[in-house]
Amino acid sequence: MAGNLYAVGCLLIWGISLGCIAVMVFMPGNTYGGKFPFTLFISALIVAILIPMNLASDNPDYLGESLAALTLLAGGVGFWKRRYQLLKFIILFSIFGALSLFVCYFHVDGHAYGGARYKARLIALRSTLKYVAKNDTNEYSAGKFDVGHPLLAANPDLKQYCEYGVALRPCWHTGFTGLGQAEPLPPPDFRAGTLADNLEFLLQYIDDNTRLKSITYPARAVFRTSTAVLMVILLVVILVFLVLLVIMLFIGRPQMNKARKEFLQRPPTLNDEFLRQCEIPPNSHDAEVALMIRKDLASYLKVPPESISGECTTEDIFWLLPFSGFEMTEFIINLEKQTRRPVHEEKIPDISGNKKELTVKAFARSICENMEKSLAKNSL
């Protein structure tokens with residue numbers, strides 16, 4: 001029963017984590033925000049490394065492998081879709097789930113892991129049989145070699161290994177948990193004579209009845225393969241990032257400095273002139289919003305507000321953007337706090353692209369019109 005609950009727990013935790021990753025991929029809209037949880041991401045990988053380092057003989061290494069695979073997959077999808085809040089939840093849930101399963105695993109009764117401890121029991125049984133056969137030269141009657149046999153009654157050390165189950169019967173969850181139901185070996189027929197006379201037969205009987213032919217570990221193989229593939233992808237991404245960083249430092253940085261210098265040499269645009277360029281009447285609420293947009297944009301680009309005119313295109317400010325890009329969500333949230341009006345981000349044009357046709361005027365007017373529509377909708 002405990003083994004079944006443990007297996008169900010594995011399926012639930014892995015399934016929920018994969019389900020949340022799928023949600024990140026297919027969730028509509030651009031409701032992402034925040035920054036990549038790098039510290040949490042590294043912490044999950046460290047936990048995944050530490051789990052297999054536990055020296056317990058029945059250590060479930062696959063929990064660490066599954067945690068690493070889920071973390072790398074979630075991190076890649078989260079970075080791609082930029083849904084960092086959901087990514088934090090997935091990583092935290094995966095860590096909590098892996099550690100919970102790790103603790104519960106050692107409280108599963110009636111099961112034996114098809115690994116180190118199981119092999120150790122078989123080795124101990126075989127060694128004890130050889131030791132007793134060498135030292136006990138008494139002859140015993142024929143019969144079933146079970147706990148009631150006179151030979152086992154005379155050798156309690158051997159009896160304890162025969163009493164405790166050393167055979168493993170595969171369960172429905174053996175394929176992904178590596179656990180099988182422990183049960184006693186079927187008693188063989190003991191031929192009359194000494195244990196030495198029956199030793200070869202008994203050893204062959206043990207080999208024939210304890211091979212785990214039907215116990216496989218496809219889940220472990222899948223997790224190991226997927227983890228290795230994701231690690232290679234992660235290394236490639238890091239390598240590409242480092243190459244881009246070098247290009248940025250040696251090629252992009254001079255270009256950025258040149259573009260900033262040329263941009264700051266432009267004649268300043270006062271507030272009234274900026275509003276006229278944006279075709280927004282002064283002393284209106286839209287005028288206040290447009291000036292807030294210019295001020296926030298200037299703060300983001302680290303230039304004076306007067307250096308930004310309504311005719312500036314995204315091509316003009318492209319080289320002024322920080323290396324991390326333009327965080328639209330952060331920009332909109334800050335604007336909503338100042339104006340106390342909602343803005344639907346998915347309807348705002350992307351100002352981070354290098355497009356000549358998109359101007360600051362179009363960007364500001366789009367936000368103002370978006371706010372008006374939101375207010376009209378909320379008033380109905």
Flag if over 12 foreign heavy atoms under 6.0 Å of CG, N135: yes
Check: G78 main-chain N/O paired with R83 side-chain donor or acceptor under 3.5 Å: no
In Å, rounded to the nearest 0.5 Å, how long is the span from CG of L125 to NZ of K130? 11.0 Å
Taking E279's backbone N and O only, do any of them form a donor-acceptor pair with R365's side chain (distance below 3.5 Å, no angle check)? yes
Please check if the side chain of R191 supplies one atom and the backbone of N198 the other of a donor-acceptor pair under 3.5 Å. no
Looking only at heavy atoms, what is the nearest atom pair of T339 and M292, with distance? CG2-SD, 3.6 Å
Given the rule that I, L, V, M, F, W and Y join up when any side-chain heavy atoms are under 4.5 Å apart, are I16 and F96 in one cluster? no
Is it true that a side-chain atom of N155 and a backbone atom of L151 form a donor plus acceptor pair closer than 3.5 Å? yes
Does Y131 OH have over 12 foreign heavy atoms under 6.0 Å away? no
Within the distance-only criterion (no hydrogens, no angle test), does the side chain of Q277 pair as donor or acceptor with the backbone N or O of G310 below 3.5 angstrom? yes
Please give me the minimum heavy-atom distance between A287 and P282, naming the atom from each residue. CB-CA, 4.1 Å
Rounded to the nearest 0.5 Å, what's the gap from CD on Q338 to CD1 on I293? Could you check? 10.0 Å
Donor-acceptor pairs are to be reported for all side-chain atoms of residues 41-53 against protein atoms at under 3.5 Å, with residues two or more places apart or in another chain.
| from | atom 1 | to | atom 2 | distance (Å) |
| --- | --- | --- | --- | --- |
| S43 | OG | T39 | O | 2.8 |

Begin from the C-alpha positions of I95 and T71 and carry the test side chain to side chain contact (heavy atoms under 4.5 Å, CB included) through to its verdict. CA-CA 9 Å; I95 294 175; T71 301; 5.7 Å; no
Taking atom types as modelled, is there a side-chain donor on S94 or S17 under 3.5 Å from an acceptor on the other? yes
For the residue pair N283 and E288, establish whether any side-chain heavy-atom pair is separated by less than 4.5 Å. no
Between L63 and A98, which heavy-atom pair has the shortest distance, and what is it? CD1-O, 4.0 Å
Linking I/L/V/M/F/W/Y whenever any side-chain heavy atoms sit under 4.5 Å apart, do L11 and V103 land together? no
L270, I280: one ILVMFWY side-chain cluster at the under-4.5 Å cut-off? no
I'd like to know if the side chain of S307 and the backbone of P304 have a donor-acceptor N/O pair within less than 3.5 Å. yes
Closest heavy-atom pair, G9 versus L101, reported as atoms and distance to 0.1 Å, is C-CD2, 3.9 Å
Close side-chain approach of I308 to R294, heavy-atom, < 4.5 Å: yes
According to a 4.5 Å side-chain heavy-atom criterion applied to Ile, Leu, Val, Met, Phe, Trp and Tyr, with indirect links allowed, do I333 and F363 form part of one hydrophobic cluster? no
Do F93 and C20 touch side chain to side chain, with heavy atoms closer than 4.5 Å? no
Under the side chain to side chain contact (heavy atoms under 4.5 Å, CB included) rule, what do L195 and Y140 come out as? Steps first, then yes or no, please. CA-CA 8 Å; L195 179 58; Y140 297 93; 5.8 Å; no
Hey, does Q265 have a side-chain heavy atom less than 4.5 Å from the side chain of K261? yes
Between V303 and L297, is the side chain to side chain contact (heavy atoms under 4.5 Å, CB included) condition met? List the steps. CA-CA 9 Å; V303 296; L297 184 60; over 6 Å; no
Indicate whether any N or O donor in one side chain lies under 3.5 Å from an N or O acceptor in the other, for D296 and S299. no
Between V132 and D157, is there a side-chain heavy-atom distance shorter than 4.5 Å? no
Evaluate the ring planes of F38 and F36, with Trp represented by its six-membered ring, and classify them as parallel (under 30°), tilted (30 to 60°) or perpendicular (over 60°). tilted
For S309 and V360, which heavy atoms make the closest approach, and how far apart are they? O-CB, 3.6 Å
Report the distance from atom CZ of F274 to atom CD of E306, rounding to the nearest 0.5 Å. 11.0 Å
Is any side-chain heavy atom of N138 closer than 4.5 Å to a side-chain heavy atom of T194? no
At what distance, to the nearest 0.5 angstrom, does CG of L87 lie from CD of Q85? 9.5 Å
Less than 4.5 Å apart, any side-chain heavy atom of C312 and any of R266? yes
With side chains defined as the heavy atoms from C-beta onward, is the minimum distance between L67 and L99 less than 4.5 Å? no
Where do L73 and L18 land on the side chain to side chain contact (heavy atoms under 4.5 Å, CB included) test, with the steps shown first? CA-CA 9 Å; L73 180 61; L18 291 173; 4.1 Å; yes
Output the distance between atom CD (E336) and atom CZ (F331), rounded to the nearest 0.5 Å. 11.5 Å
Quick check for you: to the nearest 0.5 Å, what is the distance between L158 atom CG and H149 atom NE2? 11.0 Å
Looking at the rings of Y6 and Y105, which for Trp means the six-membered one, are their centres under 6.0 Å apart? yes
Kindly give the heavy-atom pair with the smallest separation between E311 and T359, and that separation in Å. O-CG2, 4.2 Å
Tell me whether the rings of F190 and F145 are parallel (<30°), tilted (30 to 60°) or perpendicular (>60°). parallel
